[in-house]
There are 2 protein chains.
Amino acid sequence: MTTRDKIIFAALRSFLTIGVDQTSLSNIADAVNIKKPSIYYHFKSKEDLINQCTFNILDDLEHRIDLSFEQIDSPREQLEALYECMIEFHKNLSLMVYENHHQIVNLTSFFQRASLESDQNKQRIDGYYHALQVKLISLLSNGQKQGIIKNAINKEIVSIDLIARIDGMITLSAIYEGANINTQRYGLYESVWDSLKAEHTPKKKKMLDYKSFDLGRKW
Amino acid sequence: MTTRDKIIFAALRSFLTIGVDQTSLSNIADAVNIKKPSIYYHFKSKEDLINQCTFNILDDLEHRIDLSFEQIDSPREQLEALYECMIEFHKNLSLMVYENHHQIVNLTSFFQRASLESDQNKQRIDGYYHALQVKLISLLSNGQKQGIIKNAINKEIVSIDLIARIDGMITLSAIYEGANINTQRYGLYESVWDSLKAEHTPKKKKMLDYKSFDLGRKW
DNA sequence: GTCTATACAAGGATAGAC
DNA sequence: GTCTATCCTTGTATAGAC
């Protein structure tokens, strides 16, 4: 792991837990065991560091989403795989940045802060959501062709709604005790599919092979 | 308007636009046309000010939500009224804090930041969401009794989902160009109701009397 | 209740030695 | 590539006059 990578790792860790503005370059330097000015050898400024973190994380997330789409044909399972992928990504981030596992990171609020930092970030983040929406619209179309998703939907709005539901639930999990994406996601999937499926669709035969989870913790 | 109120107003305006951490007491003082130390006559510290803002805004929002519930019997219209109320609240905030109307404030990210500030805030925010969930569960139960909401739902998860959908869509509107709660909300209502309604429910007869909106702007 | 003056800490950033 | 030393700005907060 290069020093540069260590800095990005430490920065992200702090950005996602205590927030961008409460993260000082001194703290990052301490975490990496270097001195503050050394950061400036690798990054032009704090803004530069924030930008790199944003791009790093979005490139990774998009890549994983693409992979999860490729392996599956069925629209229903594709949608679940997408949600699983996003949740797993958040979960991995949470495990990475927190010592205990009872807290979930909130990428969305980081994205919002990053959007304010530079137009470059703003566009990158907008592009991420746009790509996601395009994927979902195509997924909905496929489902309609196969007759398993009802025709009477506004795909543009439903696709936004699908993003809002998963993003919203992850965010809620971070601030509301009653929400817990880790235990409630299967209920969410049922509920989501229920709102999309064509009437008289046969019930789903088998569950996806979800990884098992540690119990006794919130996240 | 007392000086105290002016300070809260100015603080909120800045908290919701550029963020809590990028708001300095000097800026707030300038906006209110007083000097920085005068703020300390009214508030013990910046943390105190953040707490007061949180409570102010949540008391107001909860009050409006209660009012919107009281006037209506039908679960479907009650749900729409709730969403309308939350959207209108955000819209009013947006008009208040921004000079132009193309941007939407994001309360959720403010809540997250406020949660980190003090346990007092954390509990207040959690309580807000809990009250909302309780209202929604009761709404769902009523709808089931009346035979217009299907029985095969997990009310606990669906109620969380309903909160996530509106909160998520408002948040998305703030960072993704393709999302616009102002123009897409009626589509959202349709989509939401569609996912709840018992099969063979007669179509809704009349629209609620929604206020008209200025066109040609995002928010 | 509001001010001036000021203390004190911490932030981002640069110069220049090694 | 990393360091020490340092600059400059800004932040929160307090003392004490009016």
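Just so it is clear, the model here is predicted, and its values are computed rather than measured.
Among the atoms of the strands shown, none is found under 4.0 Å from any heavy atom of B:Thr2. Counting any heavy atom pair closer than 4.0 Å across all strands shown, A:Ser38 reaches a base atom.
Note: CD1 (A:Ile39) to P (C:dG12) measures 9 Å, nearest angstrom. Whole-Å rounding puts the A:Lys36 NZ to D:dC7 C1' distance at 11 Å. Straight-line distance from the CG atom of B:Asp21 to the C1' atom of C:dG12: 16 Å, rounded to whole Å. Residue B:Lys44 contributes atom NZ, which lies 15 Å from atom C1' of D:dT14 at whole-angstrom precision. One interatomic measurement links the two molecules: CG of A:Asn33 to P of D:dT2, which rounds to 12 Å at whole-angstrom precision. One can place CD1 of B:Ile7 at 11 Å from P of C:dG1, the figure rounded to the nearest angstrom. What separates CD of A:Glu47 from P of C:dG11 is a distance of 19 Å, to the nearest Å. Atoms CD1 (B:Ile28) and P (D:dG11) sit 11 Å apart, rounded to a whole Å.
The number of heavy-atom neighbours closer than 6.0 Å to CD of B:Glu117, taken from other residues, nucleotides and ligands shown, is above 12. Residue A:Glu156 places its CD atom among 12 or fewer non-hydrogen atoms of other residues, nucleotides or ligands, all under 6.0 Å distant.
Of the candidates B:Ile125, B:Asp59, B:Leu49, B:Thr54 forms a side-chain contact (heavy atoms from CB on, under 4.5 Å) with just one, namely B:Ile125.
Along DNA chain C, the nucleotide nearest A:Leu25 and the nucleotide nearest B:Ile34 are compared for position; the residue whose nucleotide lies closer to the 5' end is B:Ile34. When the nearest nucleotides of DNA chain C are assigned to B:Lys35 and A:Ser45 by heavy-atom distance, the more 5′-ward of the two goes with B:Lys35.
Taking 4.0 angstrom as the limit, B:Thr3 places a side-chain polar atom (N or O) nearer than this to OP1 or OP2 of C:dT2. Not one side-chain nitrogen or oxygen of A:Ser24 sits closer than 4.0 Å to the OP1 or OP2 atom of C:dA10. Between A:Ser26 and the phosphate of C:dA10, there is no side-chain N or O to OP1/OP2 separation shorter than 4.0 Å. OP1 or OP2 of C:dG12 has at least one side-chain nitrogen or oxygen of A:Lys46 nearer than 4.0 Å.
Between A:Tyr98 and A:Arg13 the shortest side-chain heavy-atom distance does not fall below 4.5 Å. The shortest distance between side-chain heavy atoms of B:Asn56 and B:Asp60 does not fall below 4.5 Å.
Side chain of B:Tyr41, nearest nucleotide from C:dG11, D:dA13, C:dG1: C:dG1. Comparing D:dT14, C:dG12, C:dT2 against the side chain of B:Tyr40 picks out D:dT14 as the nearest.
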